[in-house]
Every structure is written in structure tokens, then in C-alpha cells.
Amino acid sequence: MRFAPSPTGGLHLGGVRTVLYNYLFAKKYGGDFIVRIEDTDQTRFVSGAEEYIFDTLKWCGLEPDESVQHGGSFGPYRQSERKETYRKYAEQLVKEGFAYYAFDTPEELEKMRHDYKMEHNPSPQYDHTIRMKMRNSLTLSAEETQSLLAEGTRHVVRIKMPEHETVTFTDMIRGEVSFDTSLVDDKVLLKADGMPTYHLAVVVDDYLMQISHAFRGEEWLPSAPVHILLWKYLFGLENMPYWAHFPLILGPSGKLSKRDGAKYGFPVFAMNWADPNTGDLTEGFKEKGFLPEAFINLLALLGWNDGSEQEVFYKGELIEKFSMERVHSAGAKFDYEKAKWFNHEWIKRSDAGYLKPEVRILLEKSNIIVTDDRLLEKVIGLIKDRCTLLTDFVQQSSFFFNTPGSIDLDAIKPKWNEARQMFFVELIRNYQLSPDWHTHTLENNFKEIAAANDLKPGDLMLPFRIMLVGGKFGPGVFEIAAIIGKDETIKRIEHTLSIL
RNA sequence: GGCCCGUUCGUCUAAGGGCUAGGACACCACCCUUUCACGGUGGUGAUACGGGUUCGAAUCCCGUACGGGCUACCA
């Protein structure tokens, strides 16, 4: 099993789902999950991106068995460090007539694309119809080729696609897929800078690293015939890994992109990603307040299900139940509302102790320092049902620890009167003298005073809540009062009374 | 344009020839709740279209339409 990301930016939903499925499949069958860094494009190097990938995997709980960071006996796991191994295979292909040297400059290629551009063929390819009109070892004499090579002329190695062959392979998700090779272009295998392209590297490395199953996104399907042919030429089809091409995760319009997230207001990356070149920060699911368990869960169900109506799965269950046969073949549009539902479910099911460390960090960021550990846990237990995102805990719990900064007076004023004012004055006196401070006592006393004054408790509870909480939300009022204590409760009532 | 992949409620999906096409999210209503949630009950809502094959098609085949991907010395 392998996952082979290119470290050029943040890891988005589709990428993480690919890792997930790779991981689940590997773990299910006792295989190794290996992560190889595909960094053959030096122009796209982004500092910090590789580390970001591993940080993301760690957060998701999808630790590789072999990788740059985890070691393994098939290294190096960074393609840039394997540069020397690829040339040999490219030369072998040329020698055997499956590939050729091409000396065309970027300008010449551009000219070709321009000259052959027709209405019926808007994007001409470097293929069997064109290659004999270009500058390569097929059109040049052996001597010319040799001397160009000897002079160190910049050149690439291209695969020579056969003219009329049908390449067929079995995709684990789609079944048999076939291609007419005359319609595929002569892809570059080895670039002028000596680095391989993805096409060569993926085949060579999958062979050398003894990869048994190779899963990737559907966007790779069109180049599959190139890879199949390379396997046939280099290592034999019988040694080729099993392939699976996952359907794409779609945004509101086409393949999900970073742009979609910014445009429609939902995260696309797993964790915050700060582009070192532009300085742009893209918010991640982690920072948005998602639990890794929920993130994994929602991704797993985006294109897969176990056939039952179960939707919430632990990682262990996913490993146990995952199967390629049940991966959908159609693309799935990402629904942020449903994603939030998954997180809410996970928060509800997590116990307060588990949530505590994260919540504490969030509270500290809002300058709420909680020293009483048991209190924090109790509060979390009381409010977690109403928190969809981890970040919701701040608003839902701040009033337990700090006096509310603002009071929603508009919710009280319209029905406020002398009688109610008097009620609260009496309530303060009563609570002041109350020998104990428990939820039930507080509620009973509250109702007795109301009854004695011929007032309906229901009309008084909302104002009371606003005084303690600041707004119309939160758990039972008397529980809140019980937790914040006598002094604080009275102080808050007095404060609101004074500004009404 | 060419090639490849795909098409069940708005969204994620179940139903691999035989039922009123099931569930979940979202939405609406009601119940519970003297706030907001949680929870509960119910509701709106789908097999893209046209042909076959078959006693019988969401399911198999063909065509059309639509959607997506690819078409770089990027992955």
C-alpha cells in the first residue's frame, strides 16, 4: 500500500481520504502503509509542506509504517533522493525501442502546439502523428543524436506510445478499463534536469518498493495506460500492483479546490496551512474545531459505506469493515453541514475528560484560565450536547468562569416591571441567607418566592438566565447558579438590576 | 474538440431482476424542555431521457443528454 503525496501545499480533503482508504486497506489486511514523497518537480518546492503532511497524518491518527520520518528498508522515501535510479530505466527503454530522446526546446513545443492547433483539435499532443515532425532520436540520425547527447544538449526521454494497441487493466473500483494507445501522447519520462516525471518514478518506485496495491485519485485514470505500458516494458505485467482510482471529492463546482473553501466558508485542508510564499493562511478542520475521529469518520463515509445504516464508526471499526468493493464509483460532493453533524455526534459521544485538554486550550486562547479541573470537566459534560464544533465550548462555557461581558437587556426589558424587580430583590435576600447552595434548594426557593408574590416562575426564569448567562442559551439556570456559587450569583443579579 | 470515468431525494447514500425505492444531513411541523440544545414523532423530497432484453428493470444492453476528470519537461 502506498500514499504518495507531492509536498506542494496543504493536504486537502481528497488527499486525506486517499490516505485514509490506503491506510484502512493496509491495516485490514495486515499490510504496511507507506508514504513516499513525490518531489520530482523542483520548481514547485514549498518549504514546510512535507512536514505539514506528516503533522496532518499524525493528527488524523494515520501513522505510516514506512516513510521519510518512520524509516523502513525500501528507502529513500523521497524521490528527489532517488534521482540516480531513474535514468538507468529510461536508458533501458530507449535502448529497447520503447522510448526516445527528444531535443525540442520549450519554444519549439509551443510552436508545435500553436501550428497544429485546429478547430477539431484544440490541444495537439506530442504523439505518433506529430513525433516524426519533431527533433528527436527518431527523426535524427544516430550520429546526430549521439553528438547532441555528447555535447550535453538539454533533452528529455519520451515514451513511444504504440500506434494501435488496446491497453486494458482491471481497476478495483471500476472493473475493466481500456484505452487505445494511439490516442495517448508520448509522455515525458525523464526531464531535462535529470529528474523523472511522475510517470516513470511511480512505476520504478512501486516496483523497487514492492508495492502491492496502488490507490490514487480518479484524475490519474487517463495516464494509467502509460503506467501499464511501463510496467510491461520494465518489470512485467505480472508484477504490477493492483490499481484503484478513487472518485473525486467535488466542491460546489467541480473538483474540490482550496478556492471553494474560501468562497463558500468551509475548510478544505486538514489543518491550518500558511503558504510561505504568499503568506496566505488557509484554515483547517482541526483549527475550525473538528475532532480527528470525526474528520476521519466523515471522510470515510464520503464515497464508502459498510452496507448497513451505521454512520458513526471508530477507526478500529473502519479498519474491520472497510472494503474496496463498497467504495463508490461516482464523485461525491462535499457537504459541510453533514460534516458538522459528524463532529457534533463525536462530541456528544466523547466523555468530558477526553475533551478537556482541547477545550482548556481553546478557553486559554480566549483568556479564560480554569484552575479547577473537576469543575471544567463538569461544565464540559453539561454543555457538550450543544456544541457542534470544539470552538463552541468557549461561548457555551465562558459564563461559568467569567462574569458575562454583555447582558441581553432587550430580552428582559419589554416585560419588566416593579413586581419583577421586587422579586429579584427578595431572591437576593433569600439566597443570601440560604444555608445550602444546591440546585434543588435554589429552584425550590425561587418558586416559593414567586408563588408568594403571585408571579409565574416561567416569567422570571428567562430574566434570571439572562442575568447569569448574558443571553438566551446554556444549561438549566439553577445548575448554573449552583456551579458559579452564591457570591457570583448575587453579584450578577445585582449588576443587571442596576443597569435595567 | 479528443479520450476516460460517472449519473437514485438539494447533499451523502441503501436496494448487486421481484415490495408503498430504505436511511442520514439539511428543511418544515408537532412532542419533550419554564432558555438554547439533546431526544422523540411525523412530513416535503429521487431512480436524467429514449429504446431494447425480460412475465417483471433503479438494477442488464444500446443510444442521447448532462456532470466530472485528463489532454505540461505538475503531481
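As the structure is a prediction and not an experimental result, all values here were calculated from the model. Naming convention: chains lettered A, B, ... in sequence-line order (proteins, then strands); numbering from 1 in each chain.
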Look at all strands and tell whether A:T197 reaches a base, only sugar-phosphate, or nothing, counting heavy atoms closer than 4.0 Å. sugar-phosphate
Which value, in whole Å, describes the distance between the C1' atoms of nucleotides B:C27 and B:G69? 33 Å
Categorize A:T8 for me: base, sugar-phosphate, or nothing, with a 4.0 angstrom heavy-atom threshold over every strand shown. nothing
Whole angstroms only, please: what is the CH2-P distance between A:W304 and B:A14? 11 Å
With syn defined as a glycosidic angle within 90° of 0 and anti as everything else, classify B:C38. syn
Measure from CG on A:D392 to P on B:C36 and round the result to the nearest Å. 17 Å
Just the rounded figure in Å: distance from P of B:U71 to CE of A:M112. 14 Å
Pick the closest RNA chain B nucleotide for A:H155 and for A:R17 by heavy atoms, then say which residue is nearer the 5' end. A:R17
For B:U59, which nucleotide is its Watson-Crick or G-U wobble mate, given both distances must be under 3.5 Å? none
Note: A:D185-A:K187 ion pair, threshold 4.0 Å (strictly below): yes
Determine the minimum heavy-atom distance between A:H199 and A:V188, stating which atoms define it. CD2-O, 4.0 Å
Should the side chain of A:R386 and the base of B:C36 be counted as holding a donor-acceptor pair, with the cut-off at 3.5 Å? yes
Does NZ or CZ of A:K338 come closer than 6.0 Å to the centre of the six-membered ring of A:W341, within 45° of the ring's axis? yes
Watson-Crick or G-U wobble partner for B:A72, using a 3.5 Å limit on both distances? none
In this structure, are over 12 heavy atoms from other groups packed under 6.0 Å from A:E51 atom CD? no
Mind checking who B:A48 pairs with, Watson-Crick or G-U wobble, both distances under 3.5 Å? B:U64
Using Watson-Crick or G-U wobble geometry with both distances below 3.5 Å, tell me the partner of B:G16, or none. none
Nearest whole angstrom, please: distance from the C1' of B:A75 to the CZ of A:R36. 12 Å
Does the structure place the NZ or CZ of A:R158 under 6.0 Å from the centre of the six-membered ring of A:Y126, at an angle of no more than 45° from the ring's axis? yes
Please determine whether a side-chain nitrogen or oxygen atom of A:R113 lies at a distance below 4.0 Å from atom OP1 or OP2 of B:C73. yes
B:C30 pairs with, by Watson-Crick or G-U criteria that keep both distances under 3.5 Å: B:G40
Between B:G45 and B:G23, how many Å separate the two P atoms, rounded to a whole number? 14 Å
Can you tell me if A:K333 touches the phosphate of B:C9, counting only side-chain N or O atoms and a distance under 4.0 Å to OP1 or OP2? no
For B:C70 and A:K255 - does any side-chain N or O of the residue sit under 4.0 Å from the phosphate oxygens OP1/OP2? yes
When both hydrogen-bonding distances must be under 3.5 Å and the geometry is Watson-Crick or G-U wobble, what is B:G10 paired with, if anything? B:C25
When all nucleic acid strands are considered with a 4.0 Å heavy-atom cut-off, which category describes A:V177: base, sugar-phosphate, or nothing? sugar-phosphate
Pick the P atom in B:A37 and in B:A26, then give their distance to the nearest Å. 12 Å
Does a side-chain N or O of A:N121 approach OP1 or OP2 of B:G1 to a distance below 4.0 Å, or not? no
In whole angstroms, how far is the C1' atom of B:U71 from the CD atom of A:E219? 14 Å
Of the candidate nucleotides B:G6, B:G1, B:C74, which contains the atom at the shortest distance from the side chain of A:D41? B:C74
Assign A:G217 to base, sugar-phosphate, or nothing according to its heavy-atom contacts below 4.0 angstrom with the strands shown. nothing
Salt-bridge test for A:D459 and A:K415: reply yes if a basic N is under 4.0 Å from a carboxylate O, no otherwise. no
How close or far is atom P of B:G67 from atom CG of A:L221, stated in whole angstroms? 20 Å
Has the side chain of A:K338 got a donor or acceptor atom sitting under 3.5 Å from an opposite partner on the base of B:A26? no
Using whole Å, what does the distance between atom C1' of nucleotide B:C70 and atom CG of A:D127 come to? 15 Å
Rounded to whole angstrom, note down the C1' distance from B:A57 over to B:C62. 15 Å
Can you check the distance between B:U71 and B:A75, where both ends of the measurement are the C1' atom (answer in whole Å)? 15 Å
For A:H245, which of A:R216, A:E219, A:E218 qualifies under side-chain hydrogen bond (donor to acceptor under 3.5 Å, both in side chains)? A:R216
A:R158 vs B:C73: side-chain N/O to OP1/OP2 distance below 4.0 Å: yes
Between B:A72 and B:U13, how far apart are the two P atoms, rounded to whole Å? 30 Å
With nearest nucleotides of RNA chain B determined for A:W220 and A:Q125 from heavy-atom distances, which residue corresponds to the more 5′ nucleotide? A:Q125
Does A:D104 reach a base, just sugar-phosphate, or nothing at all? Heavy atoms under 4.0 Å. base
Hey, does the side chain of A:K348 come within less than 4.0 Å of B:G39's phosphate (OP1/OP2), counting only N and O? yes
It should be established whether A:H199 places a side-chain nitrogen or oxygen under 4.0 Å from OP1 or OP2 of nucleotide B:C74. no
Spacing of the P atoms in B:C19 and B:G67 (rounded, Å): 33 Å
Please report the distance separating the P of B:C49 from the corresponding atom of B:C9, rounded so that it comes out in whole Å. 11 Å
Any A:T40 side-chain nitrogen or oxygen under 4.0 Å from OP1 or OP2 of B:A75: yes
Interatomic distance, CG@A:L200 vs OG1@A:T40, rounded to 0.5 Å, equals 10.0 Å
Please state how far atom CD1 in A:I412 lies from atom P in B:U34, giving the value in whole angstrom units. 19 Å
